[in-house]
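As a basis for the values below, the full set of heavy atoms in this structure was taken, side chains included, without hydrogen atoms, waters or symmetry mates. Bear in mind the structure is a predicted one, so any value in this text is a computation, not a measurement. Starting from 1, each residue takes its place in the sequence as its number.
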Amino acid sequence: MAGLGRANIGDLKKPFFILVPASWSAKFWNMIKLDIVQALIFATVLIVPSVFLAHVSLGLIPLFLVGIVVFYLIGFAVNLIPQVALDEGWDRKLIKPFMIGGIFLFGIILL
């Protein structure tokens, strides 16, 4: 669920995004990189003091950071697929809960 809140597909529709002098693929890739870097910085600031205060394994730090990136990419895909694949707004609103439910269902099955 962490990735669902971070992935802002609506940024592509804002006027200032069009004004940036670069190709669409470069703009898109830089937006994704910026979100991932912001999430990693925020996660690092949260996890490092928590690990030292709780006296748990230091291996938890890289595991948490990888988990944040994976959750971001899942949320990004859940937000991007309906935007690209479906033209009607109602289709987007109806298919997104099924996609989230499928991710949870397969996540529970894999556990």
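From Asp35, atom CG reaches atom CG of Leu40 across 11.0 Å, with rounding to the nearest 0.5 Å. Rounded to the nearest 0.5 angstrom, Met31 CE and Phe76 CZ are separated by 4.5 Å. Considering CD1 of Ile32 and CG of Leu73, their distance stands at 8.0 Å, rounded to 0.5 Å.
Residues passing the side chain to side chain contact (heavy atoms under 4.5 Å, CB included) test with Val51, sequence neighbours excluded: Ile47, Val56, Leu58, Leu60, Ile61. Qualifying side chain to side chain donor-acceptor pair (under 3.5 Å) partners for Ser25, counting only residues two or more places apart in sequence or in other chains: Ser23. Residues satisfying the side chain to side chain contact (heavy atoms under 4.5 Å, CB included) criterion with Thr44, sequence neighbours excluded, are Val48, Leu65.
In the hydrophobic clustering, Phe42 connects to Leu46, either directly or through intervening members, whenever side-chain heavy atoms lie under 4.5 Å apart.
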